[in-house]
*Asks:* 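Can you read through this structure? Questions will come right after.
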Protein chains: 2
Amino acid sequence: MDRKHIEGKLRDGGYKLTPQRRAILEVLLEHRGRFVDAGEIYEKTRARHYGTNFSTVYRNLDILENLGIIHKTSIESGTAVYELIFHRPHHHHIICKKCGRTEIIDMCPLEQLIKAVEDKDFTLTGHKFELYGYCRDCSKNQ
Amino acid sequence: MDRKHIEGKLRDGGYKLTPQRRAILEVLLEHRGRFVDAGEIYEKTRARHYGTNFSTVYRNLDILENLGIIHKTSIESGTAVYELIFHRPHHHHIICKKCGRTEIIDMCPLEQLIKAVEDKDFTLTGHKFELYGYCRDCSKNQ
DNA sequence: CTTCGTGCAAAAAATTTGCATCCGT
DNA sequence: ACGGATGCAAATTTTTTGCACGAAG
């Protein structure tokens with residue numbers, strides 16, 4: 001997913017290309033393969049486009065998430081982090097607790113999982129595997 | 001992990017058994033097998049012990065987490081959720097996005113994972129499998 | 001020239017902290 | 001009595017929202 005591709009998605013969605021939006025995208029592109037939080041995106045965006053507002057950042061992160069351009073999650077800190085989706089096939093991550101750098105795990109444990117992990121050069125300290133959905137009761141009275 | 005067991009852990013840690021703490025524990029015990037957020041714990045605790053403060057709840061959730069009595073995580077909403085650890089062996093969860101009810105998955109995908117899932121009566125809508133640790137660079141200048 | 005986007009300011013939500021007092025052990 | 005625990009109030013942190021103005025298509 002490169003800049004042109006992303007800008008196309010925005011246009012298709014009826015969104016305009018403002019300098020702020022471009023700056024946010026630049027920042028995300030620069031941080032491919034790494035989760036960053038809203039605060040960091042804000043700081044870096046503001047360095048590119050002076051005066052960009054925090055609300056603008058949050059609003060755009062929302063839009064980008066809805067368009068499937070970025071992925072939002074929350075790791076251990078509790079605050080939300082974002083990264084560009086640059087690898088369409090479904091996958092998971094190894095996440096550095098210190099810098100947020102991620103490595104892709106190309107496969108999903110739901111199908112097979114062994115250890116595509118060994119060669120990753122990460123010191124593992126923990127992991128999370130959670131399934132989301134609706135329990136029987138909640139499926140009923142949806 | 002029952003009440004007596006938990007109270008023992010608290011004593012061993014040098015913590016006192018205050019009525020507020022007991023109330024919080026009662027609430028958590030009542031919600032075994034379900035993630036609840038701080039707000040809900042606060043409301044329910046305050047129903048048991050009138051006047052309990054929100055700070056008290058947060059402070060105790062911290063303590064309980066550090067003692068390994070509860071498990072804190074953040075699911076999709078972004079706000080932290082907690083549940084009693086009542087099943088010591090390492091495991092993961094299926095989480096209802098609506099009510100927070102959880103089901104245990106007794107095994108960890110890191111070792112083997114097939115589908116201990118089929119019989120769970122959950123409508124799956126998504127899942128998260130994330131490994132945490134330190135990348136090579138961050139391990140170095142730790 | 002219309003619609004969407006932005007900045008600003010303020011509010012809301014989630015969590016943390018300092019401090020004086022209180023209470024379990 | 002001692003040391004941890006609580007309530008309160010206030011501060012922080014993270015995120016959201018209303019509104020008037022400005023700019024992209």
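Throughout, a chain's letter reflects where its sequence line sits, starting with A, and its residues are numbered from 1.
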*Asks:* For residues B:Leu84 and B:His31, determine if any side-chain heavy atom of one lies less than 4.5 Å from a side-chain heavy atom of the other.
*Replies:*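 Counting from C-beta outward, B:Leu84 and B:His31 never come under 4.5 Å.
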*Asks:* Rounded to the nearest angstrom, tell me the gap between atom CD1 in B:Ile63 and atom C1' in D:dG3.
*Replies:*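 Rounded to the whole Å, the gap is 13 Å.
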*Asks:* What is the distance from OH of B:Tyr58 to P of D:dT12, rounded to the nearest Å?
*Replies:*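 Atom OH in B:Tyr58 sits about 18 Å away from atom P in D:dT12.
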*Asks:* What's the separation between atom CG in B:Leu28 and atom OH in B:Tyr82, rounded to the nearest 0.5 Å?
*Replies:*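 It comes to 10.0 Å.
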*Asks:* Do B:Arg59 and D:dG7 share a donor-acceptor pair, side chain to base, under 3.5 Å?
*Replies:*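 Indeed there is one.
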*Asks:* Tell me the bend of the helix from C:dC1-D:dG25 to C:dT25-D:dA1 as the angle between end helix axes, each from five pairs, rounded to the nearest 10 degrees.
*Replies:*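 The angle separating the two end axes equals 40°.
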*Asks:* Indicate yes or no: at least one non-hydrogen side-chain atom of B:Leu10 is less than 4.5 angstrom from one of B:Leu25.
*Replies:*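 The answer is yes, as the side chains (C-beta and beyond) meet within the 4.5 Å cut-off.
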*Asks:* What's the spacing between A:Leu64 CG and A:Arg21 CZ if we round to 0.5 Å?
*Replies:*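 Rounded to the nearest 0.5 Å, the CG-CZ separation comes to 7.5 Å.
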*Asks:* Report the distance from atom CG of B:Leu67 to atom P of D:dA5, rounded to the nearest whole Å.
*Replies:*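 So the two atoms are 10 Å apart, to the nearest Å.
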*Asks:* Round to the nearest Å and state the distance from B:Leu61 atom CG to D:dA5 atom C1'.
*Replies:*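 Going from B:Leu61 (CG) to D:dA5 (C1'), I get 15 Å.
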*Asks:* Taking salt bridge (Lys or Arg N to Asp or Glu O under 4.0 Å) as the cut-off, I'd like each qualifying pair that reaches into residues 44-53 of chain B, sequence neighbours left out, listed once.
*Replies:*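 Applying salt bridge (Lys or Arg N to Asp or Glu O under 4.0 Å) to every pair that reaches into residues 44-53 of chain B, excluding sequence neighbours, yields B:Glu30-B:Arg48, B:Glu40-B:Lys44.
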*Asks:* Between B:Glu83 and B:Lys72, is the closest basic N to carboxylate O distance under 4.0 Å?
*Replies:*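 Result for this pair is no, no salt bridge flagged.
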*Asks:* When the distance from CG of A:Asn60 to P of D:dT15 is rounded to whole Å, what number comes out?
*Replies:*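 So the two atoms are 15 Å apart, to the nearest Å.
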*Asks:* Which of residues 15-25 of chain A have a heavy atom under 4.0 Å from DNA chain C?
*Replies:*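 Contacting residues: A:Tyr15, A:Lys16, A:Thr18, A:Gln20, A:Arg21.
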*Asks:* Roughly, in whole Å, what's the span from OH in A:Tyr42 to C1' in C:dC8?
*Replies:*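 After rounding, the gap between these two atoms is 11 Å.
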*Asks:* Using a 4.0 Å heavy-atom cut-off, does B:Asp37 contact any base of the nucleic acid, only the sugar-phosphate backbone, or nothing at all?
*Replies:*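 Answer is nothing: B:Asp37 stays at 4.0 Å or more from every strand.
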*Asks:* So do B:Ile41 and B:Leu61 actually touch side chain to side chain, heavy atoms under 4.5 Å?
*Replies:*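 Of all side-chain heavy-atom pairs linking B:Ile41 with B:Leu61, at least one is under 4.5 Å.
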*Asks:* B:Leu10 has an atom CG; how far is it from atom P of C:dC23, in whole Å?
*Replies:*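 Result: 20 Å.
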*Asks:* Kindly say whether, by distance alone, the side chain of B:Arg11 makes a donor-acceptor pair under 3.5 Å with the base of C:dG24?
*Replies:*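 Such a pair does not exist between side chain and base.
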*Asks:* Determine whether A:Tyr42 and A:Thr52 make a side-chain contact, defined as any pair of heavy atoms from C-beta on separated by less than 4.5 Å.
*Replies:*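 No, side chains not in contact.
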*Asks:* Atom OH in B:Tyr58, atom CG in B:Asn60: separation rounded to 0.5 Å?
*Replies:*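 CG of B:Asn60 is found 13.0 Å from OH of B:Tyr58.
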*Asks:* Taking salt bridge (Lys or Arg N to Asp or Glu O under 4.0 Å) as the test, write out the residues that go with A:Arg22, two or more places apart.
*Replies:*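 In terms of salt bridge (Lys or Arg N to Asp or Glu O under 4.0 Å), with neighbours along the sequence ignored, A:Arg22 is linked to A:Glu7.
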*Asks:* Please name all residues satisfying side chain to side chain contact (heavy atoms under 4.5 Å, CB included) with A:Asp62, sequence neighbours left out, ordered by chain then number.
*Replies:*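 By the side chain to side chain contact (heavy atoms under 4.5 Å, CB included) rule, A:Asp62 matches no residue at all.
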*Asks:* How long is the line joining CG of A:Asp62 and C1' of D:dT14, in whole Å?
*Replies:*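 Nearest whole value for this atom pair: 13 Å.
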*Asks:* Please list, in numerical order, the residues of residues 43-56 of chain A that have a heavy atom closer than 4.0 Å to any atom of DNA chain C.
*Replies:*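 A:Gly51, A:Thr52, A:Asn53, A:Ser55, A:Thr56, in order of number.
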